[in-house]
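For reference, the structure discussed in these notes is given below.
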Number of protein chains: 2
Amino acid sequence: MKLLPHIRIWLSTDFAQDVIGTGRYRLLRTIGELGSLSAAAEQLGISYRKAWDDLKKAEKSIGCRLISKSRGGSGGGGKTELTADGIRLIGLYEQFAGKVERFAMETFNTLAKEIGGGQEHDRVP
Amino acid sequence: MKLLPHIRIWLSTDFAQDVIGTGRYRLLRTIGELGSLSAAAEQLGISYRKAWDDLKKAEKSIGCRLISKSRGGSGGGGKTELTADGIRLIGLYEQFAGKVERFAMETFNTLAKEIGGGQEHDRVP
DNA sequence: CGTCGATATGTTCGCAGATGCATGTCGGAT
DNA sequence: ATCCGACATGCATCTGCGAACATATCGACG
């Protein structure tokens with residue numbers, strides 16, 4: 001009965017669930033680092049289509065813009081950067097998720113020591 | 001930017017994910033209370049088929065039996081009760097999930113006060 | 001030994017979400 | 001003015017999951 005905790009953390013609003021989770025957090029963070037949505041999608045190994053959809057859903061859920069986009073530029077490229085709201089959002093998520101995950105690990109280890117001292121029985125066929 | 005946290009807590013093993021979450025926790029708990037899988041399914045508003053599948057998956061993931069079943073009896077009825085492992089599992093989940101959720105709420109409130117002091121900008125169309 | 005209700009399991013159908021393909025659009029740099 | 005690559009979006013398709021239906025099996029009790 002060797003168990004480990006596995007937690008999925010989301011931020012939601014009153015009127016829409018699933019504003020941001022680990023996937024969208026990573027996406028926003030990578031966009032911020034690379035300055036490009038398509039480059040971020042490539043680095044994360046997801047299609048541009050999906051990345052764009054995720055972004056749109058996140059913005060619709062939270063109700064404000066998370067990135068500011070532009071087109072054209074040297075070689076036709078555009079640039080994309082996080083808005084102030086976007087930066088605040090990933091900062092909040094990062095800190096929150098980190099604290100909760102750390103707490104969960106500690107708590108689980110303590111509890112498992114107290115409760116899970118037993119051995120396995122009745123192995124399933 | 002009024003956000004709230006939304007957490008899903010699972011227990012997993014090294015070799016299989018998703019042993020138990022809120023749904024299966026409720027199912028096991030109700031089985032323990034009512035002494036019947038079909039009665040539990042009915043009370044929870046899910047089909048017997050789904051309840052049975054969930055149970056099977058949980059047992060396969062964790063690798064040991066969670067309930068002991070019998071058939072026949074007065075009026076043909078059987079009885080179903082949690083094994084010692086099953087009882088330990090829901091106890092562990094209950095305590096763990098409770099602590100983590102409480103911690104998450106407190107932590108989020110603190111963080112939101114620190115970070116989320118801003119107003120909304122760039123309302124999405 | 002027949003009944004009855006609960007366990008046990010296969011099978012099919014429908015649908016939401018993901019994936020992939022194709023195409024349109026924009027604007028700075030040259 | 002043209003070009004180029006990244007933003008933007010529609011559309012067809014695929015796929016996995018859950019719901020619903022159907023049915024077999026078991027065994028104490030009377």
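Proteins get letters first, then strands, A, B, ... in listed order; numbering begins at 1 in each.
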Subject >> Partners passing side-chain contact (heavy atoms from CB on, under 4.5 Å) against A:Leu44 (at least two apart in sequence or in another chain) >> reply: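 Checked A:Leu44 against side-chain contact (heavy atoms from CB on, under 4.5 Å); matches are A:Arg26, A:Leu27, A:Thr30, A:Ile46.
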Original post:
Who pairs with B:Asn109 by side-chain contact (heavy atoms from CB on, under 4.5 Å), at least two apart in sequence or on another chain?
Top reply: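 Scan of B:Asn109 (side-chain contact (heavy atoms from CB on, under 4.5 Å), adjacent residues dropped) gives none.
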Original post:
Rounded to the nearest Å, what distance is computed from the CD1 atom of residue B:Ile46 to the C1' atom of nucleotide D:dA20?
Top reply: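 Between C1' of D:dA20 and CD1 of B:Ile46: 14 Å.
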Subject >> Atom pair distance, as rounded to whole Å: NZ in B:Lys69 and P in D:dA28 >> reply: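 Going from B:Lys69 (NZ) to D:dA28 (P), I get 17 Å.
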Original post:
What dot-bracket string describes DNA chain C from 5' to 3', counting Watson-Crick and G-U wobble pairs whose defining distances are under 3.5 Å, with [ ] for crossing pairs and | for pairs to another strand?
Top reply: ||||||||||||||||||||||||||||||
Subject >> B:Thr80 vs C:dA6: side-chain N/O to OP1/OP2 distance below 4.0 Å >> reply: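 No, because none of the side-chain N or O atoms of B:Thr80 sits under 4.0 Å from OP1 or OP2 of C:dA6.
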For [X], side chain to side chain donor-acceptor pair (under 3.5 Å) partners two or more places apart:
X	answer
B:Ser36	B:Ser38
B:Lys50	B:Asp54
B:Asp53	B:Arg49

Subject >> Given D:dC7, C:dA18, C:dA8, the nucleotide with the shortest approach to the side chain of A:Lys50 >> reply: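 Nearest listed nucleotide: C:dA18.
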Just the atom pairs and distances: protein N or O near nucleotides 9-11 of chain C's N or O, under 3.5 Å.
{"unit_1": "C:dG10", "atom_1": "N7", "unit_2": "B:Arg49", "atom_2": "NH2", "d": "2.8"}
{"unit_1": "C:dG10", "atom_1": "O6", "unit_2": "B:Arg49", "atom_2": "NE", "d": "2.5"}

Subject >> Sequence neighbours excluded - salt bridge (Lys or Arg N to Asp or Glu O under 4.0 Å) pairs with any residue from residues 27-36 of chain A >> reply: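 Residue pairs passing salt bridge (Lys or Arg N to Asp or Glu O under 4.0 Å), neighbours aside: A:Arg29-A:Glu33, A:Arg29-A:Glu94.
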Original post:
Among residues 26-34 of chain B, which residues get a heavy atom nearer than 4.0 Å to DNA chain D?
Top reply: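 Hits under 4.0 Å, by residue number: none.
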